[in-house]
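Numbered from 1 within each chain, the chains take letters A, B, ... in sequence-line order. Every heavy atom of this structure was used, including side-chain atoms; hydrogens, water molecules and symmetry mates were not.
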Amino acid sequence: MLQNIIAGLDLVMQWSNLLTVLVGVSVGMVMGSIPGLTGTMAIALLVPFSIYLNPVAGIAGLVGLSKGANFGGSIPAILFNLPGTPQAMVTTFDGYPLAKQGKAGKALRMALYASTIGDTLSDFVLFFLAAPVAALALKIGPPEYTAIILFSLMIIAVAGTERVVEGLIAVGFGLLFAIVGTDPVTGTPRFTFGSLDLSSGLSLVPTMVGLLIVSEALIQIERMKRGAEKKPESKEKENDGVSLESRISYNDHRVSWAEFKQCFPWIMSGVGIGSAIGSLPGIGATIASYLSYANAKRRSKHPELFGKGALEGVAAAEAANNACQGPNLIPLITLGIPGNVAAALLLGAFMIKGLLPGPLFMQQNAPMLYALFTVLILSNIVTFLFGSVFIRLARYSMAVPELVLYPGIMIFGSIGSYVFRNNIFDVFAMVFFGVFGYILIKYKIPLAPVIVAFILGKMFEERLRQALAISGGNISIFFTHPISLGFILLTIVSVVFLMKRKMN
Amino acid sequence: MVISMVSKYFKMNSNLMRGLGIGVFSLVVWFFIMPWQIGGEEEMVYPRFVVIWIGISGLLLVAKGWRERAELTSDDTQNGKVLIQVGIVIILLISYVLLIQCLGFLVSSFLFYVTTTLFLGARNWRTVLLAPGMMLLCVYILLEKILNCPLPKGYLL
């Protein structure tokens, strides 16, 4: 094993490989921070270019891209309440309130620390636990997936919101929007209203942009207009008592050692949750970040601060989100099964280089495997260094006056919605969801559960129907599979416990 | 604003009104929209489950509102004038999206930006004209030239 590690290091430690990691991380970070341009798109755009690089450099560049984009998505999530990547959505819960309080740099730094720690530790999980975790992942079937997703949806509705009933309504709306399109089994149209554009379903990016950013822009415009009608001295109160200058004051942008120590337990629990969820193909980092957030909120000494600017919330969400990255590669490397779209593209890149991940990969290409591990760790170091510089520049966007900011954000949102599928219909969808989101906010129905339920809705339906197809329509399948039963019981216990806690 | 007026007239609190609204929405989807938009019993099963989820949540909200029915006044304090101004921004946004197909992305974005910032009260020419020009130029270079992502074109740009 030591020989293979040294051989792997030898493969990686060349200037061309280090340069491609640097370029990959920086490009990924920029692309991840632009809503509509995800890390997956960045990998897809650059896979063809990897042909011209040696195998290690090609894979190193793509891995760097993925890691950079994953952190990059948290930057607009914190600064503008607009996640650059879907999995950064949970970071908005506390990241954006922190930015509004003049602590954007603090939130960005904590996101950077949590991301790189989470990602690095999860790479060690990949390194040591690939084989046994792959064996466990094979036991997860449709009933288990259904139970896990149902657990996530109920936790989102109950733990993630102030008002439980409104949370349940929000989840219901998210599931309803996820139905639009075609039936996953029979292929017949559902809620398409005769529109060809709707037959492929509502796209995630315009939905997210509309619900989060356009609705928020409308709310902020309403706030500005209300403030304009009041006396000038009350305008500072409208901005939570924080003047524009102090929003970028230097002292608010550091993370103290005490703050880091306070958040460290949630970073570690986020690593555990993210690694566990990440090793299961198809579950996704969004669930992991949400579960980690809910766990931190439930166990924190100050749960009332969550949703209002709790640094622990940012730490927990980002750690879990990034801790999925390493274990996501477990099914790819050990079984040749990509766990998500980015892993599928990496599989393509591997195959272009003549490498075939799978059960024999560890024996036949051990130096290459250890080279991959080395590249993963190296990418985290580069992400930390480059990210430290990037966030210093990014937070100055908070100095942009609101009159300029919100129209600009709506235009950027339109760009992001359009470029995802090159379809103007998506921009109309963005406007629809923007107005819908504004109405939901006015009537105190939270938006986050709508989006998470929308993301999980299709997967939930597919797994549910697969499970029922296996059992011939008998729902006892969910109670006869131990892991599924375990999650259902966990759901019931968690919901009862959380509701009692809220009532107390 | 509509809910507060109706709830004051009928002496119902906002939870009761919202819950009833959600309930009515569920019934409309169940009896009218689903039969119209979804064919086949198998295809209806999961949508029915979701509509039942929403309907039950609405009933819970009604129950919550009924329990709090002593609070007859709505907590909805809306300023009509401000809501109209937000409505104008929404109309500007819809017009912008409609114009993209005619005028192209760059021209319609510039017009939307100028109109909206003027409406919001900006008067500095740098804010109103220079900022969108610079922003759209950067967007054009990044997307069209570097990333090769074509932006919608119209009769102008």
**OP:** Mind checking the CD-CZ spacing from Glu166(A) to Arg18(B)? Nearest 0.5 Å is all I need.
**Re:** 4.5 Å
Original post:
Do Ile415(A) and Phe105(B) have side-chain heavy atoms sitting under 4.5 Å apart?
Top reply: yes
Original post:
Less than 4.5 Å apart, any side-chain heavy atom of Val97(B) and any of Tyr418(A)?
Top reply: no
Original post:
Can you name the closest pair of heavy atoms from Phe412(A) and Met135(B) and give their distance?
Top reply: CE1-SD, 3.7 Å
Subject >> side-chain contact (heavy atoms from CB on, under 4.5 Å) evaluation trace for Phe119(B) with Lys225(A) >> reply: CA-CA 10 Å; Phe119(B) 178 71; Lys225(A) 285 295 181 184; 4.1 Å; yes
Original post:
CZ/Arg465(A) to CD/Glu43(B) distance, rounded to the nearest 0.5 angstrom?
Top reply: 7.0 Å
Subject >> Met410(A) CE to Tyr96(B) OH distance, which is reported to the nearest 0.5 Å >> reply: 10.0 Å
**OP:** Check whether any side-chain heavy atom of Tyr406(A) lies under 4.5 Å from a side-chain heavy atom of Val89(B), and answer yes or no.
**Re:** no
Original post:
Hey, what's the ring geometry for Phe49(B) with Phe460(A), parallel, tilted or perpendicular (30° and 60° as the breaks)?
Top reply: tilted
Original post:
If you measure from CG on Leu98(B) to CD1 on Ile424(A), what distance do you get to the nearest 0.5 Å?
Top reply: 9.0 Å
Original post:
Does any heavy atom of chain A fall under 4.5 Å from the side chain of Leu61(B), the backbone, both, or neither of them?
Top reply: both
Original post:
Does a sphere of radius 6.0 Å around CD1 in Ile52(B) hold more than 12 heavy atoms from other residues, nucleotides or ligands, not counting ones at 6.0 Å or beyond?
Top reply: yes
**OP:** Go through the atoms of Leu464(A) and report whether side chain, backbone, both or neither lie under 4.5 Å from a heavy atom of chain B.
**Re:** side chain
Subject >> Phe32(B) atom CZ, over 12 foreign heavy atoms within 6.0 Å >> reply: no
Subject >> Under 4.5 Å from a heavy atom of chain A, the part of Gln101(B) involved >> reply: side chain
Subject >> Option that, when pairs with chain B are counted at under 4.5 Å, heavy atom only, ranks first among Ile179(A), Val435(A), Ile445(A) >> reply: Ile179(A)
Original post:
Hey, what do you get for CG (Leu218(A)) to CD1 (Ile90(B)), rounding to the nearest 0.5 Å?
Top reply: 5.0 Å
Subject >> Test side-chain contact (heavy atoms from CB on, under 4.5 Å) applied to Phe25(B) and Leu176(A), step by step >> reply: CA-CA 12 Å; Phe25(B) 170 79; Leu176(A) 189 66; 3.8 Å; yes
Original post:
Hey, what do you get for CG (Leu120(B)) to CE (Met224(A)), rounding to the nearest 0.5 Å?
Top reply: 4.5 Å
Original post:
Which bit of Phe173(A) comes within less than 4.5 Å of chain B, counting heavy atoms only: side chain, backbone, both or neither?
Top reply: both
Subject >> Proximal component of Phe191(A), with respect to chain B [non-hydrogen, under 4.5 Å] >> reply: both
Original post:
Val45(B) versus chain A, heavy atoms under 4.5 Å apart: side chain, backbone, both or neither?
Top reply: neither
Original post:
Which atom names give the shortest non-hydrogen contact between Gly172(A) and Val50(B), and what distance separates them?
Top reply: O-CG1, 3.6 Å
Subject >> Which atoms of Leu175(A) approach chain B - backbone, side chain, both or neither, heavy atom under 4.5 Å >> reply: both
Subject >> Identified side-chain contact (heavy atoms from CB on, under 4.5 Å) counterpart of Val165(A) within the set Ile56(B), Asn15(B), Ile22(B), Leu60(B) >> reply: Leu60(B)
Original post:
Between Ile33(B), Val128(B), Val29(B), which has the largest tally of heavy atom pairs under 4.5 Å with chain A?
Top reply: Ile33(B)
Original post:
How far apart are the closest heavy atoms of Gly39(B) and Thr188(A), and which atoms are they?
Top reply: O-OG1, 4.5 Å
Original post:
Within the side chain of Glu222(A), is there an N or O that forms a donor-acceptor pair under 3.5 Å with the backbone of Leu83(B)?
Top reply: no
Original post:
For the side chain of Trp36(B) and the backbone of Phe193(A), is there at least one donor-acceptor N/O pair under 3.5 Å apart?
Top reply: no
**OP:** Over all heavy atoms of both residues, which pair between Ser109(B) and Ile411(A) is shortest? Give the atoms and the distance, please.
**Re:** O-CD1, 3.5 Å
